[in-house]
Amino acid sequence: MTVQLMREFKIDAAGLAVLGSCFYYAYVGMQIPAGLLLDRYGARKLLSFAVFVSALGVILFARTHNFYLAGFARMLVGFGSAFSFVSALYLIANWFSH
């Protein structure tokens with residue numbers, strides 16, 4: 001897949017690394033805000049929103065031919081994915097006894 005991505009976006013290995021790291025920039029940056037938002041609004045609404053944002057990012061990534069838009073799409077997927085892990089921890093903490 002790396003060869004196809006590099007050819008599609010006309011990038012080298014460094015550009016591919018930046019594209020791959022866009023996911024993690026958003027993912028890591030949203031861990032604490034996701035926890036705070038979950039405590040305030042609950043998992044149901046936020047998980048629905050996060051799935052929508054992730055799906056939007058995946059569709060955008062699949063449809064774009066622009067490197068910068070692809071990076072933004074990867075960031076959207078990372079943003080939504082941050083809520084999935086934190087939500088799983090939140091739900092486990094609330095559903096199961098200590």
- Message: Taking side-chain hydrogen bond (donor to acceptor under 3.5 Å, both in side chains) as the definition, give me every residue that meets it alongside E8, ordered by chain and number, with sequence neighbours left out.
- Response: H65
- Message: Could you work out, with side-chain contact (heavy atoms from CB on, under 4.5 Å) as the rule, every residue matching T64, not counting sequence neighbours?
- Response: F9, N66, L69, A70
Minimum heavy-atom distance [X]-[Y], with the two atoms named:
X	Y	result
A82	A34	O-CB, 4.4 Å
A73	G57	CB-O, 3.3 Å
M75	C22	CG-O, 3.3 Å
M6	D12	CE-C, 3.6 Å

- Rounded to the nearest 0.5 Å, the OG atom of S54 sits from the CG atom of L47 at a distance of 10.0 Å
- Message: Show, in sequence, the C-alpha distance, side-chain angles and deciding distance for V53 and F83, and conclude whether the side chain to side chain contact (heavy atoms under 4.5 Å, CB included) test is met.
- Response: CA-CA 10 Å; V53 171; F83 285 89; over 6 Å; no
Decide whether [X] and [Y] are clustered together by the hydrophobic rule: side chain heavy atoms of Ile, Leu, Val, Met, Phe, Trp, Tyr closer than 4.5 Å, transitively.
X	Y	answer
L91	V86	yes
L89	L37	no
L19	F72	no
L46	L36	no
L5	I11	yes

- Message: Just so I know, are the side chains of F61 and R74 near enough to count as touching, which here means a heavy-atom distance under 4.5 Å?
- Response: yes
- So Y27 and Y24, would you call those rings parallel, tilted or perpendicular, with 30° and 60° as cut-offs? perpendicular
- Task: Without swapping roles, check the side chain of Q4 against the backbone of M1 for a donor-acceptor pair under 3.5 Å.
- Result: yes
- Working for side chain to side chain contact (heavy atoms under 4.5 Å, CB included), residues F67 and V18: CA-CA 10 Å; F67 173 72; V18 168; 4.2 Å; yes
- Begin with the C-alpha distance, continue with both residues' side-chain angles, and end with the deciding distance and a verdict on side chain to side chain contact (heavy atoms under 4.5 Å, CB included) for L38 and S87. CA-CA 7 Å; L38 280 165; S87 295; 3.5 Å; yes
